[in-house]
Protein chains: 2
Amino acid sequence: MIKESIRVLVVEDHHVVRQGLVALLNVVDGLEVVGEAADGVEAIAQFRKHQPDITLIDLRLPRMSGVDVIQRIRMETPLARLIVLTTYDGDEDIYRALQAGARAYLLKGMTSEELIATIRAVHAGKSHIPAAIAEKLAERMGTEELTPREFDVLEQIVHGKSNKEIGAVLEISEATVKTHINSLLGKLGVTDRTQAATAAIQRGIVPLESLRKPKS
Amino acid sequence: MIKESIRVLVVEDHHVVRQGLVALLNVVDGLEVVGEAADGVEAIAQFRKHQPDITLIDLRLPRMSGVDVIQRIRMETPLARLIVLTTYDGDEDIYRALQAGARAYLLKGMTSEELIATIRAVHAGKSHIPAAIAEKLAERMGTEELTPREFDVLEQIVHGKSNKEIGAVLEISEATVKTHINSLLGKLGVTDRTQAATAAIQRGIVPLESLRKPKS
DNA sequence: TCCGGAATCCATCCAAAGGTGTAGGGGTGA
DNA sequence: TCACCCCTACACCTTTGGATGGATTCCGGA
């Protein structure tokens with residue numbers, strides 16, 4: 001009798017990378033790529049259609065973020081098994097992806113053996129977080145959560161707004177802005193707005209893409 | 001008579017991506033992958049060994065940056081044909097790579113058809129810069145060059161240093177630091193240090209990796 | 001119901017950052 | 001040699017940012 005293959009969905013926006021992954025996985029005994037998606041919306045459609053055993057997913061996707069896709073899939077199919085496969089994206093993304101229900105988090109730098117082993121492990125019900133990732137995660141744990149308002153302010157700081165401008169945008173007084181800043185500086189463990197901005201970018205709290213200037 | 005294949009060297013640090021690229025290129029008629037490298041030092045060694053017709057190279061590499069590798073290869077072999085293949089890395093990297101002698105700059109998001117067509121075109125002696133990239137480049141052109149000292153100061157700003165600290169690090173007076181800042185703010189088209197920091201990161205003038213805290 | 005955290009606001013004080021003008025020394029290319 | 005740019009530096013002034021302490025409202029959990 002023929003052994004059942006593990007049915008895999010590959011979600012990755014870079015064509016050549018996706019094609020490479022598919023080619024790589026399809027030659028492996030016991031694995032079968034049943035679907036591909038290049039963006040978040042497509043990913044959900046493909047998942048519904050194929051109900052794969054394992055979903056390999058990049059976090060940076062057009063149209064809908066990888067984290068949102070994970071959340072959505074998990075909501076519809078709580079026992080879905082998802083593996084995040086991405087380049088380093090800052091502590092925040094790791095945290096959110098795992099929070100959202102990803103079972104494993106792999107970096108693209110890993111070998112194909114590791115990838116395949118992880119797919120098998122996750123399919124067997126295990127989780128897998130590389131040591132390097134676990135470390136980042138542990139670091140993050142020591143950090144307090146920003147409140148929504150503090151996050152709003154931080155976002156504006158990253159966008160280069162002055163306190164006065166932030167007040168105007170959020171429709172609060174400049175004094176309040178200062179209060180929030182004071183509190184978020186403490187939580188981020190930094191001493192001024194510039195450090196807060198770089199920390200926010202580096203940790204992935206505020207996505208770098210949001211910096212691109214909208215056309216004038 | 002058998003047509004000569006175009007001999008390609010693939011330089012890319014992410015294993016799965018590299019394997020995918022190699023698999024993808026090897027099945028194409030008229031292309032032959034003659035070498036692979038996972039970091040900059042290896043890249044140069046492989047280039048010397050194989051003297052490939054085309055070198056596909058990622059800009060983010062361990063041990064030696066892609067731009068440095070390009071410069072080095074071009075110095076030794078001025079007629080080397082190099083294609084940069086990378087995810088978006090900020091205007092600065094594009095500029096420096098082309099400056100260093102790359103003939104084409106492709107994003108990983110492109111289709112494999114585009115990739116193959118570009119390889120053939122560059123092999124035939126042409127250059128190829130996608131429209132989206134050319135646009136960034138044009139934008140950059142309007143910008144004045146930072147002086148070395150201004151760059152030093154900007155780097156420190158990104159690292160969250162105060163003017164006083166910057167003065168100490170660079171061994172100049174705080175007044176001089178302010179002078180440099182004033183001038184670089186103008187050149188970057190921003191109004192304060194926080195904007196300067198995010199602009200530097202976003203444009204790739206200061207690499208984000210340099211922000212990682214060295215272990216205490 | 002009471003407590004605590006979040007969010008809002010205010011005033012005050014001091015430090016830091018930014019704007020402007022000026023100026024000397026060093027190097028380089030026309 | 002002269003013009004030009006870079007680096008350095010200082011003075012002066014204004015604006016912004018950050019620290020601190022105190023205050024009100026609202027809401028959800030114990």
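Letters A, B, ... are given to chains in the order of the sequence lines, protein chains preceding strands, and every chain is numbered from 1. Values below: every heavy atom of this structure, side chains too, minus hydrogens, waters and symmetry copies. Everything quoted here is computed from the prediction, not taken from an experiment.
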Judged by nearest nucleotide, the residue sitting upstream toward the 5' end of DNA chain C, A:K187 or A:K178, is A:K187
- Do any side-chain nitrogens or oxygens of B:H180 fall under 4.0 Å of OP1 or OP2 in D:dA9? no
note: B:L184, atom CG; C:dG19, atom P; distance rounded to Å ~ 11 Å
Ranking C:dA17, C:dA7, D:dG18 by distance to the side chain of A:P148, first place goes to C:dA7
For the pair B:S183 (side chain) and B:T179 (backbone), establish whether a donor and an acceptor sit closer than 3.5 Å, ignoring hydrogens and angles.
-> no
Rounded to whole Å, CZ of B:R149 lies from C1' of D:dC7 at a distance of 8 Å
Of B:I172 and A:D192, the one whose closest nucleotide on DNA chain D sits nearer the 5' end is B:I172
* Report yes if a side-chain nitrogen or oxygen of A:S173 is closer than 4.0 Å to either non-bridging phosphate oxygen (OP1 or OP2) of C:dT8; otherwise report no. => no
Side-chain heavy atoms of A:D93 within contact of A:V84, under 4.5 Å | no
Taken to the nearest whole Å, CD1/A:I181 to P/C:dT8 is 13 Å
Within the structure shown, what part of the strands sits under 4.0 Å from B:T176 by heavy-atom distance: base, sugar-phosphate, or nothing? base
Q: May I ask you to evaluate whether B:N182 reaches the phosphate of C:dG18, defined as a side-chain N or O under 4.0 Å from OP1 or OP2?
A: no
* Would you say D:dT16 has OP1 or OP2 under 4.0 Å from some side-chain N or O of A:N163? -> no
Could you tell me whether the side chain of B:Q202 reaches within less than 4.5 Å of the side chain of A:I201, counting heavy atoms only?
-> no
B:D152 atom CG is separated from D:dT8 atom P, nearest whole Å, by 9 Å
query = Can a side chain N or O of A:T147 be found less than 4.0 Å away from OP1 or OP2 on C:dA7?
reply = yes
When rounded to whole Å, the CD to P distance for the pair A:E174 and D:dT15 reads 13 Å
To the nearest angstrom, the CD-P distance between A:E150 and C:dA7 comes to 6 Å
Ranking B:A175 and B:E145 by the position along DNA chain D of their nearest nucleotide, the one closer to 5' is B:E145
Between CD of B:Q195 and P of D:dG17 the distance, given in whole Å, is 10 Å
Whole-Å distance, A:I166 CD1 to C:dA7 P, equals 15 Å
Pairing of B:R18 and B:D58 as salt bridge, 4.0 angstrom limit
no
Fill in: D:dC7 phosphate, OP1 or OP2, under 4.0 Å from B:T179 side-chain N/O
no
Which of A:L185, A:I172, A:L154, A:D152 passes side-chain contact (heavy atoms from CB on, under 4.5 Å) with A:H180? Answer is A:I172
